[in-house]
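As structure tokens, the structure follows; a few thoughts come after it.
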Amino acid sequence: MKILFIVPSLKNAGPILVTNALVHLFVMHGHQCKVCYFDEIKELSFDCTTERIRMSQKVDFDEYDIVHTHGYRPQLYVFLHKPWHCKSKFVTTIHSYLFDDFRLTYGRGKGMLYGLLYLLVAIRADKIVALSMDAQQYYSKFFNVNKLTYAYNTRICDYSLDLTADEKQQLQTFRGDSALLGTSCALSPRKGLDLIVQALQGCPDVKFCIVGDGAVRKEWERLAENLGVADRVLFVGYKKAAYRYLPYFDAFAIPSHSEGFPLAMLEAAAFGKPIVASNLDVFKEIFTDDEISMFDLKDKKSVAPAIRRAFLEREELSRKVKLKYETAYSPECFYGRYLEIYNEMIAE
């Protein structure tokens, strides 16, 4: 099978990491892949040929069995350039709940507009892949159900990577004898880390390490100061391969207000870390309350008990979440699902 992937750039970001995993797995299984991208950002390397293209540049789609886009501009490119008669099959993966995500990022008005534009350019795809059954149902309001399907993500980690000596020293000095809760993400309002910072007042023996950077970092630093917990919150900034921190965390937090299918959560599960999570529908679909410690987003008082539970039931939650990753979200599960989708499209 020959597959063309089109992405915005080669940036170290969620949708591009998913594409990177797809390329790695399909090349490993003997398929031919190529990646085209628009922006000159090269933070990730791929196991295939990559080529920077312009929006006005034409690609010979007939060379490929599958053309798979990730993101608005790649799908806009297909919207503009897909021939009316073409042997290739076109698929796009939507990596979030568009209107929820855009509203939290851009505000209600712009969020609605951007979401509608995204849906408009997706109509020329032969198949639209959501990241969960819940997300598939979410998009059934906008697309023919026969055009929709879903595929769970995976995360491929290099377990040989470790923190540098300076990073280890910083973390060990910070944690002392305390239990260490950690997270990694781009710092934006939808990630909800302020909920964990606030809950630290009810978890006096817990410290919180945040790996990542973003627009609200200063705001959350001020929040920690105002609540008197600044000495128990460590911001280490953006780190490449942030999962290197996971072996040093006692538990992992993902208190998001909106997520498509969180790669950081999969990383934590792959490392067998107890997970504290908000009760998003997508989280409840992929992990049960017996496998992770969930709190109610509508009840801030439920966050601290969920944190305490993660530490109290640490061994059991660790075992269950790792088993779930291995049986449902492993790289082979991910590859098998997308192979099934591609084959079904080609057979149509």
Side-chain angles (χ1 to χ4, degrees), residues 8-18 20-21 41 43-44 95-96 101 104-106 153 155-158 161-164 166-175 180-200 206-225 227 229-271 273-278 280 282-283 292 297 303 307 310:
S9 70
L10 307 187
K11 185 178 181 180
N12 182 23
I16 321 301
L17 287 168
V18 172
N20 189 272
I41 303 174
E43 297 175 353
L44 296 175
H95 291 265
S96 66
D101 193 359
L104 289 167
T105 304
Y106 303 110
N153 279 340
R155 190 70 180 96
I156 300 174
C157 301
D158 182 350
L161 296 179
D162 198 357
L163 299 183
T164 66
D166 288 344
E167 288 169 339
K168 285 183 186 179
Q169 184 61 48
Q170 180 190 32
L171 197 60
Q172 290 167 355
T173 300
F174 167 70
R175 74 170 296 166
L180 184 60
L181 181 66
T183 196
S184 60
C185 61
L187 307 189
S188 70
R190 74 180 180 89
K191 294 298 183 178
L193 301 189
D194 53 315
L195 297 174
I196 302 295
V197 173
Q198 293 168 16
L200 290 178
V206 175
K207 291 185 178 179
F208 186 35
C209 175
I210 299 171
V211 184
D213 214 339
V216 296
R217 174 172 173 170
K218 297 269 186 206
E219 178 183 332
W220 288 344
E221 287 176 335
R222 286 194 296 271
L223 175 64
E225 288 280 357
L227 295 177
V229 296
D231 61 329
R232 292 196 284 128
V233 181
L234 175 65
F235 292 83
V236 301
Y238 170 80
K239 298 289 183 178
K240 191 173 182 179
Y243 59 78
R244 294 177 298 122
Y245 278 82
L246 281 167
Y248 301 91
F249 295 159
D250 297 312
F252 185 83
I254 182 162
S256 305
H257 295 281
S258 175
E259 288 284 352
F261 198 100
L263 298 183
M265 189 181 217
L266 292 185
E267 291 172 352
F271 277 83
K273 293 296 169 179
I275 295 172
V276 180
S278 53
L280 294 179
V282 64
F283 292 170
I292 63 174
L297 269 173
V303 182
I307 294 173

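Keep in mind it's a predicted model, so treat the numbers as computed, not measured. Computed from heavy atoms alone, side chains included, the values below leave out hydrogens, waters and symmetry copies.
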query: Would you call Ser96 and Phe261 a side-chain contact if the rule is heavy atoms closer than 4.5 Å?
result: no
field: Ring-face cation of Lys239 near Tyr245 (centre distance under 6.0 Å, axis angle within 45°)
entry: no
statement: Between Gly14 and Leu263 the two heavy atoms that sit nearest each other are O-CD1, 3.5 Å
field: Non-hydrogen atoms of Leu187 and Gly212 that approach each other most closely
entry: CD1-O, 3.7 Å
Side chain to side chain, Leu44 and Lys11, heavy atoms closer than 4.5 Å: no
- prompt: So do Thr183 and Val211 actually touch side chain to side chain, heavy atoms under 4.5 Å?
  reply: no
query: Which distance, rounded to the nearest 0.5 Å, do you find between the CD of Glu225 and the CG of Asp231?
result: 9.0 Å
- request: Can you measure from NE2 (His257) to OG (Ser188) and round to the nearest 0.5 angstrom?
  value: 9.5 Å
message: Could you report the tightest heavy-atom contact between Phe249 and Lys273, atom names first, then the distance?
response: O-NZ, 2.8 Å
- request: For residues Trp220 and Pro189, report the shortest heavy-atom separation together with the two atoms involved.
  value: CZ2-CA, 4.4 Å
task: Please assess Val233 against Phe235 for the test side chain to side chain contact (heavy atoms under 4.5 Å, CB included), listing each intermediate value before the final yes or no.
output: CA-CA 7 Å; Val233 181; Phe235 292 83; 3.5 Å; yes
field: Interatomic distance, Ile307 atom CD1 to Leu200 atom CG [nearest 0.5 angstrom]
entry: 6.0 Å
message: Any heavy-atom pair between the side chains of Tyr248 and Leu163 that's under 4.5 Å?
response: yes
query: Which heavy atom of Ala310 sits nearest a heavy atom of Val276, and at what distance?
result: CB-CG2, 3.5 Å
query: Between Arg175 and Asp250, is the closest basic N to carboxylate O distance under 4.0 Å?
result: yes
Step-by-step side chain to side chain contact (heavy atoms under 4.5 Å, CB included) determination, Leu297 to Ser256: CA-CA 9 Å; Leu297 269 173; Ser256 305; over 6 Å; no
message: Would you say Asn12 and Tyr238 are linked by a side-chain donor-acceptor pair, where the criterion is simply a distance under 3.5 Å?
response: yes
Within-4.5 Å side-chain heavy-atom neighbours: His95 and Val18: yes
query: When you measure from the side chain of Arg232 to the backbone N and O of Val206, does any donor-acceptor pair fall under 3.5 Å?
result: yes
task: Indicate yes or no for a side-chain donor-acceptor contact from Glu167 to the backbone of Thr164 under 3.5 Å, with no hydrogens or angles considered.
output: yes
query: Distance from Ile41 atom CD1 to Ile16 atom CD1, nearest 0.5 Å?
result: 9.0 Å
CA sep, side-chain torsions, deciding dist, call: Tyr243, Asp158, side chain to side chain contact (heavy atoms under 4.5 Å, CB included): CA-CA 9 Å; Tyr243 59 78; Asp158 182 350; 3.4 Å; yes
- prompt: Less than 4.0 Å between a side-chain N and a carboxylate O, is that true for Glu259 and Lys191?
  reply: yes
- request: Enter the distance from Ile254:CD1 to Ser184:OG here, rounded to the nearest 0.5 Å.
  value: 8.0 Å
- prompt: Do Val229 and Phe208 touch side chain to side chain, with heavy atoms closer than 4.5 Å?
  reply: no
- prompt: Among Ile210, Thr173, Leu171, which residue meets the side chain to side chain contact (heavy atoms under 4.5 Å, CB included) test with Leu234?
  reply: Leu171
query: Got Val303 and Pro255 here, is their nearest side-chain heavy-atom distance under 4.5 Å?
result: no
message: Go through it in stages, so that I can follow the logic: the residues are Phe283 and Ser278, the test is side chain to side chain contact (heavy atoms under 4.5 Å, CB included), and I'd like the CA-CA distance, side-chain angles, deciding distance and then a yes or no.
response: CA-CA 8 Å; Phe283 292 170; Ser278 53; 3.5 Å; yes
task: Any chance you could measure Leu223, atom CG, to Lys218, atom NZ, to the nearest 0.5 Å?
output: 15.0 Å
query: Does a side-chain heavy-atom distance below 4.5 Å link Ile292 with Pro274?
result: no
field: Ion pair Lys240/Glu43, N-O distance below 4.0 Å
entry: no
Pair Arg155 + Glu267, salt bridge at N-O below 4.0 Å: yes
Salt-bridge present (Lys168, Asp162; N to O < 4.0 Å): yes
message: Any side-chain to backbone donor/acceptor pair from Arg190 onto Ser258? Under 3.5 Å, distance only.
response: yes
